[in-house]
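Have a look at the structure below before the remarks.
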Amino acid sequence: MVAAEIRVTLPDGSQKTLPKGSTAADLAKAIGPGLAKAALAARVNGEVRDLARPLPDGATVEILTDKHPQALDVLRHSAAHVLATAVRQLFPHAAIGFGPPIEDGFYYDFEVPRPFTPEDLQQIEAKMQEVVAADHPFVREEVSRDDAKRRFTDDPLKLERIADLGANEVISVYTDGPFVDLCRGPHVPSTGRIKHFKLLHAAGAYWRGDERRQMLQRIYGTAWFSKDDLEGYLRRLEEAKKRDHRVIGKQLDLFSIQEAVGPGLIFWHPKGAMLNFQLRRFIEDVILERGYQLVYTPHVTREELFLRSGHLPLYADNQFPPMAAGEGEAEDVRYRVKPMNCPMHILVYASQQRSYRDLPLRLAEIANVYRNERSGTLHGMLRVRGLSMDDAHIFLREDQIEEEIFRLLDIVDLVMGKTFGLQYRLDLATRPERKLGDDATWEVAERALEGALKRRGVTYRLDQGGGAFYGPKIDIKFNDAIGREWQGATIQLDYEQPERFRLEYTGADNKPHRPVMIHRAIFGTLERFVGFLIEHFAGAFPLWLSPEQVRVLPIADTQVDAARALAGRLQGAGIRTHLDDRSETLNYKIRDAETHKVPYMAVVGQREAEAGTVAVRVRGEGKKQVVQPVDEFVRKLEEEIRTRALKPLI
RNA sequence: GCUGACGUAGCUCAACUGGUAGAGCAGCUGAUUUGUAAUCAGCAGGCUAAGGGUUCGAGUCCCUUCGUCAGCUCCA
């Protein structure tokens, strides 16, 4: 006897009885007409599915509406299908690659004889509007492998995907109007649900991300539930553009890249150099207080060093080619500019006998290294060929790992969290498939990292199998002022290089032992970190970092002497001050100082000159001004700089 | 490295289908002496990324190189 009804559980715990064969759409209807209308998909036993699929008996079901983040992915995935539907109508012979939802949007890859032009995109978008207006239902079908092959005989990309599907995987096909696609789903009920979308740009993308395969043409788009969301997103794109460190870097004269010298090589102009200098000073102070020692090591080395370290065969693509030796040396001695510092610091370690009492030995160097990054990957200061790493290598015993990681996380928190006020996240990456060393060693290392993370009481994500082949690591990711995620610091354990260089220390047992090594960077590189800071602060740096901290503005020539005295006084206190004694209006000078993001404008008029006061205007806070005695102004500035305050104290 | 788009004054951008390279801002000079986001006038500024070609004539069309941008790939 087959039951004629099924029973499902709703998120609030209540149960609903429905006729057998009922779909999630039926369930939504049974709950209420409002929900039926808003429903986009359903989560059935945790899996997001189409509304039109029959519900299994006993399932836990949640109807997803535009309030659920997962529904947004479904919407975007469906939008990708609408895109493909439109492309197929305009370019009937386009082969169809992948079309997934991504953060903030979706894309679809096509194999077409010529790349898409901006005009094509406009046409495609217009066609998409037609597809949406037609309100085609998304119809799901399960098909056999042979059937699937038959349906896509003239689409080699789909055939390749079918061939890759596992033997007992369900093969499903979705149809919306004229378009049929091999697809796992799920989708929104019909194309009419996709109202607020926009195509953004087209670019080449390798089939399956493999640069040896053919290049497809990828179209990126974005889709949202409401017009407001869509417009908000487009506004965020605009905002991000305004914060672009390449644009601000030029406006504020922070840095340049010179074609005469080469791409990916940064010229730090005086103002950018001040940022660089302050960050160096800060991080060096922090680490010197914590038992690190600074070293300076050569920029070029015989190439054998990188052979021995194991870098060369693997890393050669990222290194600049070798240089011939200088005169008087054997011709076959070749030199390389260094792409990383670890072998150098290892040589410092190995330059003498080490005792267990010396450990941990922490060697730090803000060093310039050069990597021959592929030309297409270069991007302003964020991806360069000349890198200033705030590097350090810590040599220690295995039993010291946990404590040392704990201390490192303390530095990370001090710099990222306390000083820059950033929200950051830690990822623990554990042993990958292909690895060096035995499992017992990995076990110890991973437990030590985990122990330190737990001791700090921070939440972290586990990136199973994401470690380097020579050791596990902790990656630090953080968000900027407009919510974008950045990857900065990494803390990496290394068993490989101490082995290759046969590093040793004498233990309490008077026997030789092999130390472990930690590679770590806090900022990562000064290039990337400053690029990040420019975008994060949109050029309005906190006082301690600002290249120009105060601009003194006399109102008229009669106050220039008083203004010069004030500027001298500030400079005497170590405050980076500029006197603007140009024969311009106050309005002009204020506008100039504001556009140059100077934190404080010190206005000196007749009243201030006579009273020994200063009228302070705070960057970005408009007309609100504070008139105060010069002494008080200096005191506040000093305090704000000393504490590295993020917000003005005035 | 690959695909596509692009490269005009320090910056942002003009210059119809090939016909004498132009504006605003910045700079310089002068006038002005200013009370919280642009005072006025004048001047100067270019081998149109570089090299080659087509043409009576090239910023504009073609080729090569370099660089930039959007992505792919890679990554601090």
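- Using the Watson-Crick or G-U wobble rule with both distances under 3.5 Å, G42(B) pairs with C28(B).
- A donor-acceptor contact under 3.5 Å is not formed by the side chain of Arg619(A) with the base of A37(B).
- Put simply, CG on Leu252(A) is 15 Å from C1' on G10(B), counting in whole angstrom units.
- Comparing G4(B) with G27(B), their P atoms are spaced 42 Å from each other, to the whole Å.
- Whole-Å rounding puts the Ile102(A) CD1 to C72(B) C1' distance at 13 Å.
- Between Thr585(A) and U39(B), a side-chain N or O to OP1/OP2 separation shorter than 4.0 Å is present.
- For G67(B), the base has no donor-acceptor partner in the side chain of Gln258(A) [N/O atoms by modelled type, under 3.5 angstrom].
- Ring pair His536(A)/Phe532(A) is parallel by interplanar angle, where below 30° counts as parallel and above 60° as perpendicular.
- In this structure, Arg218(A) reaches the sugar-phosphate backbone alone: every heavy-atom distance under 4.0 Å involves primed, P, OP1 or OP2 atoms, never a base.
- Ranked by how close their nearest RNA chain B nucleotide is to the 5' end, Ala615(A) and Gly264(A) are led by Ala615(A).
- When the P atom is used for both C28(B) and C16(B), the distance is 34 Å, rounded to whole Å.
- Distances shown here put every side-chain N or O of Thr377(A) at or beyond 4.0 Å from the OP1 or OP2 atom of C75(B).
- For the pair His379(A) and A70(B), the criterion of a side-chain N or O lying under 4.0 Å from OP1 or OP2 is met.
- The Glu259(A) side chain lies nearest to C66(B) when the options are U36(B), A76(B), C66(B).
- A close approach under 4.0 Å does occur between a side-chain nitrogen or oxygen of Asn587(A) and OP1 or OP2 of A37(B).
- At a threshold of 4.0 angstrom between heavy atoms, the contacts of Met389(A) with the nucleic acid are absent.
- Across all strands shown, U33(B) remains unpaired; no Watson-Crick or G-U wobble contact has both distances below 3.5 Å.
- Contacts of Arg246(A) with the nucleic acid, taken as non-hydrogen atoms under 4.0 Å apart, involve only primed sugar atoms and P, OP1 or OP2.
- Here Gln487(A) lies in heavy-atom contact (under 4.0 Å) with sugar-phosphate atoms only.
- Computed from coordinates, the Tyr206(A) OH to C2(B) P distance equals 8 Å when rounded to whole Å.
- Using P as the reference atom, A14(B) and G57(B) are 29 Å apart when rounded to the nearest Å.
- Salt bridge status for Asp120(A) with Lys127(A): absent, with no side-chain N to carboxylate O gap under 4.0 Å.
- When the C1' atom is used for both G7(B) and G51(B), the distance is 15 Å, rounded to whole Å.
- Atoms CG (Asp561(A)) and P (U33(B)) sit 18 Å apart, rounded to a whole Å.
- The residue Gln217(A) sits close only to the backbone: its heavy atoms come under 4.0 Å of sugar-phosphate atoms, none of a base.
- Base pairing annotation: G18(B) forms no Watson-Crick or G-U wobble pair, as no partner gives both donor-acceptor distances under 3.5 Å.
- The residue among His201(A) and Ile590(A) whose nearest nucleotide of RNA chain B is located toward the 5' end is Ile590(A).
- Across the strands present, G4(B) finds its partner in C69(B); the criterion is a Watson-Crick or G-U wobble pair with both atom distances under 3.5 angstrom.
- Using cut-offs of 30° and 60° for the angle between ring planes, the Phe91(A) and Phe116(A) rings count as perpendicular.
- Under 4.0 Å is where a charged nitrogen must lie from a carboxylate oxygen, and between Arg425(A) and Asp427(A) at least one such pair does.
- Taking the ring centre of Phe106(A) as origin, the terminal cationic atom of Arg76(A) falls outside the region bounded by 6.0 Å and 45° from the ring axis.
- Residues His269(A) and Phe255(A) place their aromatic rings such that the two centres sit no closer than 6.0 Å.
- Taking every side-chain heavy atom of Tyr220(A) into account, C72(B) is the closest of G35(B), C72(B), U33(B).
- Look at CZ on Arg383(A): it is 14 Å from C1' on G71(B), rounded to the nearest Å.
- Relative to the side chain of Val603(A), the nucleotides U36(B), C2(B), A37(B) differ in distance, and U36(B) lies closest.
- A donor N or O paired with an acceptor N or O is found under 3.5 Å between the base of C75(B) and the side-chain atoms of Arg528(A).
- Ranking U68(B), A76(B), G1(B) by closeness to the Arg385(A) side chain, first place goes to G1(B).
- Residue Gly204(A) is in base contact, counting any heavy-atom pair closer than 4.0 Å across all strands shown.
- Applying the Watson-Crick and G-U wobble criteria (two distances, each under 3.5 Å), G51(B) pairs with C63(B).
- Straight-line distance between the C1' atoms of G59(B) and G22(B): roughly 12 Å, to the nearest whole Å.
- Classification of Asp475(A) and Lys473(A) as a salt-bridged pair holds, one side-chain N sitting under 4.0 Å from a carboxylate O.
- Following rounding to the nearest Å, Lys242(A) (NZ) and U12(B) (P) show an atom-to-atom distance of 17 Å.
- Atom CZ in Arg582(A) sits about 11 Å away from atom P in U39(B), given to the nearest Å.
- The residues Asp592(A) and Lys589(A) are annotated as not salt-bridged, no charged nitrogen and carboxylate oxygen being separated by less than 4.0 angstrom.
- One C1' atom belongs to A38(B), the other to C25(B), and the distance between them is 10 Å to the nearest Å.
- A donor-acceptor contact under 3.5 Å links the side chain of Asp557(A) to the base of U33(B).
- Under 4.0 angstrom from either OP1 or OP2 of U73(B) there lies no side-chain N or O belonging to Arg213(A).
- Residue Arg212(A) places no side-chain N or O under 4.0 Å from the OP1 or OP2 atom of C2(B).
- Among the atoms of the strands shown, base atoms are found under 4.0 Å from some heavy atom of Glu608(A).
- Note on Gly488(A): only backbone sugar-phosphate atoms sit closer than 4.0 angstrom, heavy atoms only; bases stay farther off.
- Ionic pairing of Asp210(A) and Arg212(A) is present here: one or more N-O contacts between side-chain nitrogen and carboxylate oxygen are shorter than 4.0 angstrom.
- Regarding contacts with the backbone of G35(B), every side-chain N or O of Tyr588(A) stays at 4.0 angstrom or more from both OP1 and OP2.
- In this model, a side-chain donor or acceptor of Ser583(A) finds a partner on the base of U32(B) within 3.5 Å.
- Classification of the Phe420(A)-Phe282(A) ring pair by plane angle, with boundaries at 30° and 60°, yields perpendicular.
- Distance CG (Asp463(A)) to P (C75(B)): 13 Å, rounded to an integer number of Å.
- Here Phe529(A) lies out of heavy-atom contact (under 4.0 Å) with every strand.
- Counting non-hydrogen atoms under 4.0 angstrom, Gly605(A) reaches a base of the nucleic acid.
- Rounded to the nearest Å, the gap between the C1' atom of A23(B) and that of U8(B) is 13 Å.
- For Lys250(A) and G10(B), the shortest distance from a side-chain N or O to OP1 or OP2 is not below 4.0 Å.
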